[in-house]
Amino acid sequence: MTRRFGITTAGALLAAALVGTVGVAVAQDTAEVTIEQRKANFKQFGGAMKVLKGYAKDGEGTAADASKAAQTLVTVGAGLHTWFPAGTAVGVGKSEALPAIWTNMADFEAKNASFQAAAKKLAAVNFTDKAATGAAFGEVGGTCKACHDSYKKKD
């Protein structure tokens, strides 16, 4: 055992192992926090989509409610590309993100871009025009479905 600065080689190795173990635990906790934040964001999407469906398909709510819901999709969705860092796939916490996201990242990003464009188009609709609202809402729903079909774990 070599002593330098009052630390033995064995002590230094033990400390390094402990730091490595803590680092793995912190990374796991960080991934789980990221997944929970992602789920919370998608719940906001779900709430907005429910308001939009009620307005576009069932005549519920007001144009102002629909506009606010569409804006939620745009503002919350602007960060969607950051919600899926490596290490947050199925098997980590309560993730439903399939590993295919990271093996097909270009396609995943293209689907995200389609969603972004459709959400912005919906937010720009004149919500008193029910036909235009319904068409734009359908386009957003289609982008959601396309991504879920490819990248979300099926129950």
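Heavy atoms only: backbone and side chains are in, while hydrogens, waters and symmetry mates are out. All residue numbers in this chain count up from 1 along the given sequence.
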key: Atom pair NZ (Lys154) and CG (Leu98), whose distance is rounded to the nearest 0.5 Å   = 6.0 Å

message = Using the side chain to side chain donor-acceptor pair (under 3.5 Å) definition, which of the options Lys152, Arg38, Lys153 pairs with Ser95?
response = Arg38

key: Smallest separation among heavy atoms of Val74 and Ala123, with atom names   = CG2-CB, 3.8 Å

ask   = Looking at CD1 of Ile101 and OG1 of Thr88, how far apart are the two atoms once the value is rounded to the nearest 0.5 Å?
value = 7.0 Å

remark   = For Gly77 and Phe115 the tightest heavy-atom approach is CA-CE2, 4.1 Å

task = Determine, using the 4.5 Å side-chain heavy-atom cutoff (strictly less than), whether Val140 and Phe42 are members of one ILVMFWY cluster.
result = yes

ask   = Would a hydrophobic clustering, with Ile, Leu, Val, Met, Phe, Trp and Tyr connected at side-chain separations under 4.5 Å, put Tyr151 with Met105?
value = yes

key: Contact summary for Thr133 and Ala56, nearest pair of heavy atoms   = CG2-CB, 4.1 Å

request  = Run the ring-centre check on Phe45 versus Trp83 and record whether the distance is less than 6.0 Å.
outcome  = yes

task = Mind listing the closest non-hydrogen atom pair of Ser67 and Phe127 along with its distance?
result = CA-CE1, 3.5 Å

note = Note: Phe108 and Cys147 closest approach over all heavy atoms is CE1-SG, 3.7 Å

ask   = How long is the gap from CG on Asn41 to NZ on Lys43, to the nearest 0.5 Å?
value = 11.5 Å

Residue Lys145 excluded, over 12 heavy atoms near NZ under 6.0 Å = no

message = Please determine whether the number of non-hydrogen atoms from other residues, nucleotides or ligands lying under 6.0 Å from atom NZ of Lys130 exceeds 12.
response = yes

remark   = Between the NE2 atom in His148 and the CD atom in Glu96, the distance rounded to the nearest 0.5 Å is 9.0 Å

remark   = Minimal heavy-atom distance between Leu52 and Ala66, with the atoms involved, is CD2-O, 3.4 Å

message = Can you confirm whether the side chains of Gln116 and Asn112 place a donor and an acceptor under 3.5 Å from each other?
response = yes

ask   = Can you check whether Leu122 reaches Glu139 side chain to side chain, under 4.5 Å on heavy atoms?
value = no

inquiry  = If you define the side chain from C-beta out and look only at heavy atoms, does anything of Asp58 sit under 4.5 Å from Lys53?
reply    = yes

query = Got more than 12 heavy atoms from elsewhere within 6.0 Å of NZ, Lys94?
reply = no

key: Lys111 NZ to Leu80 CG distance, which is reported to the nearest 0.5 Å   = 13.5 Å

key: Side-chain heavy-atom pair Phe137, Met49 within 4.5 angstrom cut-off   = yes

